[in-house]
Amino acid sequence: MVIILNSHADENDIQSLSAALASRGHRVFCSLFHDRYVLSLQAGAAIDEQQIKAFDCVDRVVAVDTEYRLANRAVKPEGTRITVGQAEFGGSRPVVIAGPCSVENREQMLRAADIVARHGAQVLRAGAFKPRTSPYSFQGLEERGLELLAEARERTGLPIITEVLDAGDVEMVAGYADILQIGSRNMKNYKLLKAVGALDKPVMLKRGMASELNELLLSAEYILSGGNGNVILCERGIRTFSDFSRNTLDLNIVPAVKQASHLPIIVDPSHGTGRRDLVAPMSLAALACGADGLIVEVHPEPDKSLSDADQAIGEETFARLMSQSRDVLSWRTQNDPTPVNSFN
Ligand code: PEP
Ligand code: MN
């Protein structure tokens, strides 16, 4: 059960309602969803809905039949919108996040930032802490990388997203980033999920490369139930037997998430394909099937990328992609691929 409070509910209201629920053996999780608090409950004695509704501060009670509760579409049938700078995730205009895989040095970072800003990206990406398969690969510039990202934000006006790898770094990374990224390898790092759940900054949660939809939404639930209602999901490809691409971009999950959850979902065609030549077509496919945005790796000199060179696109391809995206989007405004009223 999920209890949605009125937007004017205050601390005292929450306390008295929580106390009443606790006395019936419930553990209460309280989250802030933009303008209102939402309570979710962990098992306890059966509750009489009428008794809950009798509390003035209660707007409505939602019965959910999934293990994830706060992430369930029924909690916010109109969908969640998350605003960061000029970008609105879950709004009518999909958000393009772009930038290099890693922050490599000042010149590369600023050049990349200028390119993506020039062609209309709304958020700048780059990793300062890199989860690399090999310990011998470039591991990222860490805090120096965060400083360079902040300088690039200052210069372009674009908000920044960057990955946090470890719960111990959350405070530091949150001191710089506008959106924290949880990478595919960490989708089930529950300590990290709890740490970002305690923030009020937006979090982009990437799907684990071998994770099910239910698992993705339960990982989102860790963040939501920790109190942070600003979760953006990201499909980044899953492991399959594909012998021609790094991963298989599972676009099926986009309309499936739209049915199951109110959270925005964006798509990463760079990691999802691992191939520069597949990035633009799969970006367009993602937008066509209803994605709330893209996250794309763009580098001023793609072949020289210190990480993920094979999937990095350069300025020309990015510029073309941005203009093609606009065509897909105008088509999409006439042909909503995921109309909410058909979800049954
Ligand atoms: C990234 O976006 O920089 C990244 C490491 O992606 P993923 O976690 O999807 O592998
Ligand atoms: Mn990468």
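All ligand and atom numbering here is 1-based and tracks the order in the structure.
A side chain to side chain contact (heavy atoms under 4.5 Å, CB included) with Phe129 is found for one member of Glu143, Met172, Glu163 and no other, namely Met172. Checking Gln311, Lys206, Arg207 one by one against Asp268, the side-chain hydrogen bond (donor to acceptor under 3.5 Å, both in side chains) holds for a single residue, Lys206.
Heavy-atom contacts of Gly183 reach the following atoms of ligand 1: 8 (O) (cutoff under 4.0 Å). Taking every heavy atom of Lys130 and a limit of under 4.0 angstrom, the matching atoms of ligand 1 come to 3 (O). Below 4.0 Å from some heavy atom of Arg125 lie the following atoms of ligand 1, by number and element: 1 (C), 2 (O), 3 (O).
For Gly290 against Val254, the heavy-atom pair with the smallest separation is C-CG1, 3.7 Å.
Note on ring orientation: taking the six-membered ring where Trp is involved, the planes of Phe33 and His262 are tilted (angle from 30° to 60°).
Note: an N/O pair closer than 3.5 Å links Arg185 and ligand 1 by distance alone. Remark: ligand 1 and Lys206 share an N or O pair separated by less than 3.5 Å (distance only, no angle test).
In this model, a donor atom of one side chain and an acceptor atom of the other lie less than 3.5 Å apart for Asn72 and Thr66. With hydrogens and angles left out, the side-chain atoms of Gln139 and Arg132 include no donor and acceptor closer than 3.5 Å. There is a side-chain donor-acceptor pair under 3.5 Å between His119 and Glu315.
Contacts with ligand 1 closer than 4.0 Å are made by no heavy atom of Met209, backbone or side chain.
A salt bridge links Lys188 to Glu215: one of the charged nitrogens lies within less than 4.0 Å of a carboxylate oxygen.
Taking the Mn ion (ligand 2) as the apex, the angle formed with SG of Cys101 and OE2 of Glu297 is 100°, to the nearest 10 degrees. At the Mn ion (ligand 2), the vertex angle linking NE2 of His271 with OD2 of Asp308 is 90° (nearest 10 degrees).
The closest protein non-hydrogen atom to atom 8 (O) of ligand 1 is Ser184 N, 2.8 Å.
Closest to atom 4 (C) of ligand 1 by heavy atom, among Met187, His271, Met204, is His271. Of the candidates Arg132, Glu163, Arg236, it is Arg236 that places a heavy atom closest to atom 10 (O) of ligand 1.
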